[in-house]
Amino acid sequence: MSVSPHVLIVDDDAEVRQLVADYLSDFDLRVSGAADSLGMRRMLAQNVVDLILLDVKLPSDDGMTIARELRLKSSIPIIMLTSRKDEVDRIMGLEAGADDYITKPFNPRELVARIRSVLRRAHAPPPSSPSDIIRVMRFADWELNLRARRLTSRTNESVELTHTEFALLLAFLHAPQRILSREQLLKLVRGGDDELFDRSIDVQILRLRRKLEADSNQPQLIKTERGLGYLFDAKVESVA
């Protein structure tokens, strides 16, 4: 029998934690709660967690800082909970490493839909390649192992990729020297999942550039073609 996904909600409001836990439990989701970053780290050290619901405003570290720290060592899916309605704050959450966000007060059914959507993306198999026998793709000073989903530099340094970053990089590697529009990238990355929004593509590319480029402000690999989209400017070698 399959184990229900384990969701950890990090929110200093005990009532919110309990309400979310009660509701999500009706949808075959196991829920744990933590009031702050310390409680979250303790829970992560003792349990397998499939997704984190992370409040932006916490009594100690803020959610943005926590998300950035998590992304340095983990690709665990994160959905930010925020009461802020400003678009810039939402984009900052995505840039910090979140996979999605939802604004308080939120519709419980929308929360369930977003959790399921992020979990689907997190556990989806890699996008199909032109040949199933391709094991490794090399470009510039990098090597991407498709089966292990591992990105390694020429100096053998391993770089952690989120599920969305991996899918985005793979889309570029299958179309080097070609301009891909935002709409094309969105379709390739989300695999038919309409919960990944147009506005997040630019943020995901910014995050990927910071991991690949020597200077993300002057990118040499993922170049912006103004008004058209993005171009991956590198020779790609596929290895069986």
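Excluded from the calculations below are hydrogen atoms, water molecules and symmetry mates; all remaining heavy atoms, backbone and side chain alike, are included.
- Counting heavy atoms of neighbouring residues, nucleotides and ligands inside a 6.0 Å radius, atom CD of E157 does not exceed 12 of them.
- Annotation: F232 is in aromatic contact with F139 [ring centroid separation under 6.0 Å].
- The backbone N or O of L58 sits nowhere less than 3.5 Å from a side-chain atom of D55 that would complete a donor-acceptor pair.
- A salt bridge is defined here as a Lys NZ or Arg NE, NH1 or NH2 lying under 4.0 Å from an Asp or Glu carboxylate O, and R71 with D99 meets this definition.
- For the residue pair P176 and A234, the shortest heavy atom distance occurs at CB-O, 3.5 Å.
- Note that CZ of R149 and CG of N145 are 11.5 Å apart. Values are rounded to the nearest 0.5 Å.
- Looking only at side-chain heavy atoms (C-beta outward), I76 and L8 stay at 4.5 Å or farther from each other.
- Of all heavy-atom pairs between S37 and I66, the closest is CB-CD1, 3.6 Å.
- Between the side chain of S117 and the main chain of A113, no donor-acceptor pair closer than 3.5 Å is present.
- A continuous path of ILVMFWY side-chain contacts below 4.5 Å connects V7 to F106, so both sit in one hydrophobic cluster.
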For residues 42-52, which side-chain donor-acceptor pairs fall under 3.5 Å, sequence neighbours excluded?
{"residue": "N47", "atom": "ND2", "partner": "M43", "partner atom": "O", "Å": "3.2"}
{"residue": "D50", "atom": "OD2", "partner": "H6", "partner atom": "N", "Å": "2.7"}

Counting only pairs under 3.5 Å, give me each side-chain donor-acceptor contact of residues 217-228, with atom names and distances, residues two or more places apart or in other chains.
{"residue": "Q220", "atom": "NE2", "partner": "Q218", "partner atom": "O", "Å": "3.2"}
{"residue": "K223", "atom": "NZ", "partner": "D233", "partner atom": "OD2", "Å": "2.7"}
{"residue": "T224", "atom": "OG1", "partner": "R209", "partner atom": "NH2", "Å": "2.8"}

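- Under a 4.0 Å N-O distance rule, the pair K57/D12 does not qualify as a salt bridge.
- Counting all heavy atoms, side chain and backbone alike, I179 lies closest to G229 at CG2-N, 4.3 Å.
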Problem set entry | Steps toward side-chain contact (heavy atoms from CB on, under 4.5 Å) verdict (I205, L185) | CA-CA 10 Å; I205 287 176; L185 288 169; 4.0 Å; yes
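- What you find for I78 and G97 is that their closest heavy atoms are CD1-O, 4.4 Å.
- The residues R68 and D62 are annotated as not salt-bridged, no charged nitrogen and carboxylate oxygen being separated by less than 4.0 angstrom.
- Nearest heavy-atom pair, R30 versus S4, reported as atom, atom and distance to 0.1 Å: NE-O, 2.9 Å.
- A donor-acceptor pair is defined here as one N or O able to donate and one able to accept, closer than 3.5 Å; no such pair exists between the side chain of R138 and the backbone of E237.
- Under the 3.5 Å distance criterion, the side-chain polar atoms of E165 are matched with a main-chain donor or acceptor of T162.
- From T103, atom OG1 reaches atom CE of M80 across 11.0 Å, with rounding to the nearest 0.5 Å.
- Here CG of L111 is found 6.5 Å from CD1 of I79. Values are rounded to the nearest 0.5 Å.
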For this session: For the pair D202 and Y230, evaluate side-chain contact (heavy atoms from CB on, under 4.5 Å) and give the outcome as yes or no after the intermediate values.
Result: CA-CA 10 Å; D202 293 338; Y230 295 92; 2.7 Å; yes
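- Looking only at side-chain heavy atoms (C-beta outward), L81 and K104 come within less than 4.5 Å of each other.
- Residue R207 holds its CZ atom at 13.5 Å from OG of S216, rounded to the nearest 0.5 Å.
- By the criterion of side-chain heavy atoms lying less than 4.5 angstrom apart, applied directly or through intervening Ile, Leu, Val, Met, Phe, Trp or Tyr residues, L168 is grouped together with V236 in one hydrophobic cluster.
- The two residues F166 and L146 have their closest heavy-atom pair at CZ-O, 4.1 Å.
- Between the side chains of D141 and S153, no donor-acceptor pair is found at a separation under 3.5 Å.
- Identified under the ring pair (Phe, Tyr, Trp, His ring centres under 6.0 Å) test for residues 27-51, with sequence neighbours left out: Y23-F27.
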Problem set entry | Worked verdict on V159 versus T152 for side-chain contact (heavy atoms from CB on, under 4.5 Å) | CA-CA 6 Å; V159 176; T152 309; over 6 Å; no
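- Taking a 6.0 Å sphere around CG of D215, one finds it holds more than 12 heavy atoms contributed by other residues, nucleotides or ligands.
- A salt bridge is absent between E160 and R150: the closest approach of a Lys/Arg side-chain nitrogen to an acidic carboxylate oxygen does not fall below 4.0 angstrom.
- When the side chains of ILVMFWY residues are joined at heavy-atom separations under 4.5 Å, either directly or via intervening members, L208 and L206 end up in two distinct hydrophobic clusters.
- With rounding to the nearest 0.5 Å, the separation of CG in L151 from CE in M137 is 12.5 Å.
- Taking CG of L53 as the start and CZ of R114 as the end, the distance is 12.0 Å to the nearest 0.5 Å.
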Exercise. Please walk me through it: do I9 and V31 pass side-chain contact (heavy atoms from CB on, under 4.5 Å)?
Worked result: CA-CA 7 Å; I9 175 170; V31 183; 4.1 Å; yes
